[in-house]
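Report on one structure; see the data block that follows.
These values consider heavy atoms only, across backbone and side chains, with no hydrogens, waters or symmetry-generated copies.
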Amino acid sequence: MSLRFRLLLSFTSVVIVSVILFVLSSYLLSVAVTGDVRSLNNFYKIHYSLHPLSEEEESLFLDLKYLAKNDPEQLKNMQLLEKYNTDLKMEKAALVVRVNDSILYAAPSLSSVDFPFILPEYDMRNNVIRNTLNAGSRFFSYSKFDFYFSSETKEKGSIFVIHERSPFAQVIRRMLPILIGLFAVILLLTGFLLYRYVTRKIIKPLDQLRRSAEHIKDGDLTFELKAASKDEVGQLVQTFDQMRQRLYESIQLQLHYEENRKQLISNISHDLRTPITTIKGYAEGIRDGVTNTEEKLNKYVSAIHTRASDMERLVNELLYFSKLDLKKEPFSFQKLELSAFLYNTADDMSIEFHNQHVDVTWENMPEQPLFVLADREKLKRVLINLFDNCLKYMNQPPKCITIAVNHDEDDVVIAITDNGPGIPEEAIPHIFERFYRVEPSRNQTVAGGSGLGLAIAQQIIEGHGGKIRASSELGRGTSISFTLKRVR
Ligand SMILES: Nc1ncnc2c1ncn2[C@@H]1O[C@H](COP(=O)(O)OP(=O)(O)OP(=O)(O)O)[C@@H](O)[C@H]1O
Ligand SMILES: [Mg+2]
């Protein structure tokens, strides 16, 4: 059974049960008000006019009617009328007899009622013998019979058996069917609206979820779900969509890794093949006797040595990077005084700076000792990689490197800025990827390097819990900055 059908069923049963309960309670109420158990019989009758009298009253009325038909003169006998009235009184009814336009007899209990004006017209065919009438605020139901006292004189007469009713009970009885109808309509309408609301709020989102799940099953992870509400169902939809998004991202990442892996193998092969080919060429030269002089031999051997060293360096870098990447390289953190550490590292590079006529400027160096938590060797490696890049890519004088230190309560930001050629905007997001080089030919002679320097720097800084970022402007220079945690 579908949820939709179940809901419809439950709403319908709520409506039916409510109507039954309403009818029952209305009946009990009407019994309580009128004290008349037989009112059940009258329950569905719109008007007293159908049953104005009780059975006993009706039988007395029939007796009177019989007299009117067969011996009408008897109805002028006041004693007889009195007797009938007494009988009727037992039943809480009363007798009224009319002769022509005047009242011959009216029960004493009705003495205050102005009957000549309120009684209906004569209707000698007796088409309507049961009806109701109002006298001021009082309300009566009656049965009446019109007759001639004698066919010659055409003297007209009427007998009325009248029963006073409570107007409240009357109103209830009159209104009850309308009320029940109205109640049922309101209930139905409410049920329908509720059903629509629940369908919209629950069934529709569930339907959406099912469709999305089907898309996922078929491998389509781009199908987006939008939560229409913030309630539990909306939250479920939202969480489901987040799950889809994560799944999508992780698959994309997987594909990206796969692509990276392929790229890595291709890069390694390329970067290793070039020096190997060169080494092979020089070795063949030696074997074939090209190096016929000492000088030539030395040149060949030293070229082989250089290429082998390049290869060694590349393999070492790669190994180091992969250890960092796999989190297999342990960090030994210690408290470092930053200024001294930076001055020392720059000092180690001073020969290279001097050879390439590079000016080093210091900016914002703290006057008080500033301590950071760092792995000395690894942090030095980061700085050397950054200085290396500056030296390698700055291609025209004046060459200038700025080292700036900024700090707040928790972090220190170190920025190494050069005035070299800069990095194209579209390349900036990629320079921290392994093997990525802006100059795509992978021709190491243009500006030697395997594209691992910044990738290693990023791994190390992230290992310190910091962040590294680059900003650059073509033709103006490049700035690489990274954060470290302060210690006090
Ligand atoms: N200061 C800089 N000025 C201009 N370009 C830079 C600078 N620093 C990095 N780059 C660009 O970013 C790329 C990646 O730098 P990275 O240090 O990772 O590799 P690499 O220098 O080519 O090789 P490696 O550092 O492994 O010898 C470089 O190839 C270069 O194109
Ligand atoms: Mg580099």
In sequence, state the C-alpha distance, the side-chain angles, and the governing distance for Ile468 and Ile460, and then conclude on side-chain contact (heavy atoms from CB on, under 4.5 Å). CA-CA 10 Å; Ile468 188 164; Ile460 293 175; over 6 Å; no
Any chance you could measure Ile480, atom CD1, to Ile428, atom CD1, to the nearest 0.5 Å? 8.5 Å
Does Val14 offer a backbone N or O that forms a donor-acceptor pair with the side chain of Ser18 under 3.5 Å? yes
Backbone N or O of Ser54 within a donor-acceptor pair of the Glu57 side chain at under 3.5 Å? yes
CG/Leu373 to NZ/Lys485 distance, rounded to the nearest 0.5 angstrom? 10.5 Å
Just wondering, do Val413 and Leu484 contact through their side chains at under 4.5 Å, heavy atoms? no
Quick one: sort the Tyr142 and Phe160 rings into parallel, tilted or perpendicular, breaks at 30° and 60°. perpendicular
Going from CD1 on Ile431 to OG on Ser472, what distance comes out if it is rounded to the nearest 0.5 angstrom? 7.5 Å
Does Met349 reach the side chain of Asp388, with side-chain heavy atoms less than 4.5 Å apart? yes
Verdict with supporting geometry, Val360 and Phe387, side-chain contact (heavy atoms from CB on, under 4.5 Å): CA-CA 11 Å; Val360 178; Phe387 288 141; over 6 Å; no
Can you see which heavy atom on Val233 is nearest to which on Lys201, and at what distance? CG1-O, 3.6 Å
Got a salt bridge between Arg486 and Asp408, using NZ or NE/NH1/NH2 to carboxylate O under 4.0 Å? no
Can you tell me how far CG of Leu324 sits from CD of Glu462, rounded to the nearest 0.5 angstrom? 10.5 Å
Would you say that Asp359 contacts Ile401 through its side chain, given a criterion of any heavy-atom pair below 4.5 Å between the two side chains? no
Would a 4.5 Å heavy-atom cut-off, applied to side chains only, mark Ile403 and Glu363 as touching? no
Contact check, side chains of Asn419 and Thr478, non-hydrogen atoms, under 4.5 Å: no
If you take all heavy atoms of Gly234 and Ala227, which pair is closest and at what distance? O-CB, 3.4 Å
Closest approach of Gly463 and Phe333, non-hydrogen atoms and distance? O-CZ, 3.5 Å
For the CD1 atom of Ile251 and the CG atom of Leu255, what is their distance to the nearest 0.5 Å? 7.5 Å
Can Thr417 and Thr402 be counted as having a side-chain donor-acceptor contact under 3.5 angstrom? no
Check this for me: does any side-chain nitrogen of one of Arg307 and Glu312 sit under 4.0 Å from a carboxylate oxygen of the other? no
Would you check if the side chain of Arg244 reaches a backbone N or O of Glu224 as a donor-acceptor pair within less than 3.5 Å? no
Decide if atom CZ of Phe223 counts as having more than 12 heavy atoms of other residues, nucleotides or ligands within a radius under 6.0 Å. yes
Applying ring-ring contact (aromatic ring centres under 6.0 Å, His included), run through His464 and Phe482 and close with a yes or a no. CA-CA 10 Å; His464 279 75; Phe482 58 92; 8.8 Å; no
Is it the case that atom CD1 in Ile351 sees more than 12 heavy atoms from other parts of the structure closer than 6.0 Å? no
Ring-face cation contact, Phe331 with Lys378, 6.0 Å cut, 45° max: yes
Interatomic distance, CG@Asn406 vs CE@Met365, rounded to 0.5 Å, equals 10.5 Å
Any sub-3.5 Å donor-acceptor pair from Glu473's side-chain atoms to Arg476's backbone N or O? no
Looking only at atom types and distance, does a side-chain atom of Thr345 sit under 3.5 Å from a main-chain N or O of Lys380, one as donor and one as acceptor? no
Pair Asp241 + Lys226, salt bridge at N-O below 4.0 Å: no
For the residue pair Tyr436 and His430, does the interplanar ring angle fall in the parallel (under 30°), tilted (30 to 60°) or perpendicular (over 60°) class? tilted
Closest non-hydrogen atom pair, Ala346 against Trp362: CB-CZ2, 3.7 Å
Side-chain donor-acceptor pair under 3.5 Å between Gln334 and Asp375, yes or no? no
Go through Glu58 and Arg130 one step at a time and tell me if the salt bridge (Lys or Arg N to Asp or Glu O under 4.0 Å) criterion holds. CA-CA 11 Å; Glu58 194 69 27; Arg130 295 176 171 88; 2.5 Å; yes
Do other residues, nucleotides or ligands put more than 12 heavy atoms under 6.0 Å from Tyr257 OH? no
Heavy-atom closest contact (Lys144 atom, Pro120 atom, distance): CD-CG, 4.0 Å
Run the salt-bridge test on Glu259 and Arg261 with the 4.0 Å N-O cut-off and return the result as yes or no. no
Is the positively charged end of Arg381 above the ring of Tyr320, judged by distance under 6.0 angstrom from the centroid and angle within 45° of the axis? yes
Examine distances only and state if a side-chain atom of Ser212 and a backbone atom of Gln208 form a donor-acceptor pair shorter than 3.5 Å. no
Do Lys327 and Gln459 make a side-chain contact, defined as non-hydrogen atoms from C-beta onward lying under 4.5 Å apart? yes
Kindly indicate, with the supporting measurements, whether the criterion side-chain contact (heavy atoms from CB on, under 4.5 Å) is fulfilled by Asn385 and Leu454. CA-CA 7 Å; Asn385 282 2; Leu454 287 179; 5.9 Å; no
Within the structure provided, determine whether Phe371 and Leu336 are in side-chain contact (heavy-atom separation under 4.5 Å). no
Can you name the closest pair of heavy atoms from Ile118 and Val113 and give their distance? CD1-CG1, 3.5 Å
Checking the side chain of Thr274 only, and the main-chain atoms of His270 only, is there a donor and an acceptor separated by less than 3.5 Å? yes
Apply side-chain contact (heavy atoms from CB on, under 4.5 Å) to residues Asp123 and Ile129 and explain how you reach the verdict. CA-CA 9 Å; Asp123 162 27; Ile129 61 168; 5.9 Å; no
Hey, are the side chains of Phe117 and Asp114 touching, using non-hydrogen atoms and a 4.5 Å cut-off? yes
Kindly indicate, with the supporting measurements, whether the criterion salt bridge (Lys or Arg N to Asp or Glu O under 4.0 Å) is fulfilled by Asp207 and Arg210. CA-CA 5 Å; Asp207 232 34; Arg210 184 185 50 75; 3.5 Å; yes
Is there a donor-acceptor contact under 3.5 Å from the side chain of Ser350 to the main chain of Asp347? yes
